[in-house]
2 protein chains.
Amino acid sequence: MKQHFSSVWTRESRPAKSTTLSRDQIVRAAMELLDAEGLDALSMRRLGARLGSGATSIYWHVANKDELLELVMDEVFSKVALPAPDVTGWRDAASVFAYGLRAALFDHPWSAALIGTRPSIGPNAMELSARLLRTFSLAGFEGMALDYASSTLMAYVLGATTPEIAWRAAMAGAELNDEGLMAGVKSVVDRAAADHPELAERYAEYDGMDPDIARKLNFDFGLTCILDGLQARLGR
Amino acid sequence: MKQHFSSVWTRESRPAKSTTLSRDQIVRAAMELLDAEGLDALSMRRLGARLGSGATSIYWHVANKDELLELVMDEVFSKVALPAPDVTGWRDAASVFAYGLRAALFDHPWSAALIGTRPSIGPNAMELSARLLRTFSLAGFEGMALDYASSTLMAYVLGATTPEIAWRAAMAGAELNDEGLMAGVKSVVDRAAADHPELAERYAEYDGMDPDIARKLNFDFGLTCILDGLQARLGR
DNA sequence: GAGTCTGTCGTACGCTGTGCGAGTGACATC
DNA sequence: GATGTCACTCGCACAGCGTACGACAGACTC
C-alpha cells in the first residue's frame, strides 16, 4: 500500500471561530512546553492540561502529533532575522543569518532532534529561504549556483549547530566547576585520547577554555571559510 | 536534583560469556530492524522477538533503549572510509570522507533523527574524527585551525545530508511517475512559489531533473566550496 | 421545533519502556 | 553429593503514550 505525500501545509487551517481553542494557541502552548521541559515532555495529554482542555480536543485543530511538530518547528524559522543585503553587503547579511539561525535553534533545543525527521517546508521556512536567495542574488549569484550557495550556507549552520545542541543537552545539569559531575565526560574523553594521540593533543589546547566560547570560535571559522569559498565563485 | 553525565561509553560492556545473547548480537539485530522498518519500528519487544528471546532480557546487556541507540549510531560511523592522505592528497581524501559519510547516513536513514539527539562520542566516531584530523594535519593545518577545519567539513556533511534524508523519507512511497501521488508535494511547492517569485524561478530550473542527481550536484558545490575556503587558509 | 454544523471530551485500545522478583542452569567450595 | 553463588533470562505489572470513536453541548438556519 503506497502512501500519499501529506503534510500540514497541504491543508487549510480550521477556520478560527472557536472561542476556547485555536491552532495558534495550541502551537504557542506546545512551544512553551517544549522550551520548558523538552521534547519528551510534550504529550497530547499534558498539552491539553496546559490549555485547560481535554487531550483529544486538540485533534479538531491538528490532524495528529506529527503535524503539530511540523507547525511548531516552522515557528522556529520565523525568529531568524536577515537584514537587507543592499544595506549591509552580502557577507554581513549572510553572517547575520547564520548567527540568527544558530541562535534560534539554541533557543529551542528540541528542534535539533526534529530537523532530520521531516523537511522544513512551512511558510516561515520558505520565507526565510526566499530571503536568503534574494541576498545571494543581489550578491551576484545566478542560476543553479544561486540555489547551491544558499543551501550550502544553510547546511553548514544546521550541521554545526545540531551537534552543539546535542552536547549541551548531554551536559545539562553537569557544571564545569563541579569535578564530580564532569568525571563522566572526562573519562570518555580520556579513553578516546588514550587510543588516539592526535585527539589528546587537540583536547589539550582546549584546557580551561570556556566551551561556549570555543564553540563560537569554531563556528566562526567555518562560516568565514564558507563565505570565502562562495566569494571565490563570484568572480567566476 | 542534578544529573550526572553518563553514556554507554562510560561503562564496560558485560563480559560476553553468554551463549544466547550478547551486546554485539543485540546491536546487529537492532541495526537490521532499523534499516528494514525505521526508527519507530524499533521497540524492545520487537527486538526481543527478532532475537528469539524475551524483551527484558536485553536489559542485562544494555542499560536502556537510549544506550542501545548510542551503540547502533556509533556503528554507522564505522562504515565510513577515509583513504590515507599521503597517497591521494588531502582534498581527495576529504572528498572521499564527505561522500563516504553521506553514503553511510543514507544507508541508515534513521540516523538522521538521532544526530541532533546525543553527541557522537563512541569509539568509531572517535576513530573517524582522529583520522580526519590526521588528514588535515598532513595537509598543513596546525593548532586550533586543525580542529576547526575538520569540524567545518563534518558540519557541512551532516547539515547537508540530514535534510536530504528527511526529504527522502517524506517522499517514501510516492513515485515520480505517478502524478497523483506527487500532487501533495506539488501543492506545497506551488503555494510557496506563489508567495515568493524568487522560489518559483529556482524551482523552474529543476523541472524534469532527477532529484537525486540535483541533490548530488548541490552537495558537490558546497563541498568544493568549503575545500576552497579551507585551502585559502593554508597559505596563512 | 427540527435539523445541521462546530467544537469538546470521556472512554477505550493497543502499544511503549522498563522495574521487580522469581526462576534456571553452570560452576566453586565444602 | 550438598550447598551456595553467580550469570543470565523472562513473565508480570505499571504508568504512560497516540489517537479512533461516539456521545454530547451549544449556536445557527430553516
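Here is how names work: the chains are called A, B, and so on, in the same order as the sequence lines, proteins then strands, and each is numbered from 1.
- Taking atom CH2 on A/W60 and atom C1' on C/dT6, their separation rounds to 5 Å, with Å as the unit.
- Note on B/H61: every side-chain N or O is 4.0 Å or more away from OP1 and OP2 of D/dA7.
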Protein heavy-atom contacts under 4.0 Å, written 5' to 3' over nucleotides 17-24 of chain C as B (base), S (sugar-phosphate only) or - (none), form the string BBB-----
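- Salt-bridge annotation for B/E32 and B/R28: absent, with no side-chain N of the basic residue lying under 4.0 Å from a carboxylate O of the acidic one.
- With rounding to the nearest 0.5 angstrom, the CG atom of B/L82 is 6.0 Å from the CG atom of B/L132.
- The side chain of B/S57 contributes no N or O atom lying less than 4.0 Å from OP1 or OP2 of D/dC8.
- The CG-C1' distance, from B/D40 to C/dG14, rounds to 15 Å in whole Å.
- Across the protein-nucleic acid pair, A/Q25 atom CD and C/dG7 atom P stand 13 Å apart, rounded to whole Å.
- In this structure the side chain of A/D74 never reaches within 4.5 angstrom of the side chain of A/S120, judged on heavy atoms.
- If you measure from atom CG of A/L69 to atom C1' of D/dT19, you get 15 Å, rounded to the nearest angstrom.
- Spacing between atom CD1 of A/I58 and atom C1' of C/dG10 amounts to 15 Å, rounded to whole angstrom units.
- Ring centers of B/Y156 and B/F219: under 6.0 Å apart, within the cut-off.
- B/R45 contributes no side-chain N or O that, together with a main-chain N or O of B/A55, makes up a donor-acceptor pair within less than 3.5 Å.
- Judged by distance alone, the side chain of A/K79 and the main-chain N or O of A/L105 form no donor-acceptor pair under 3.5 Å.
- Going from atom CZ of A/R46 over to atom P of D/dG18 covers 11 Å, rounded to whole Å.
- Look at CG on B/L51: it is 13 Å from C1' on D/dT9, rounded to the nearest Å.
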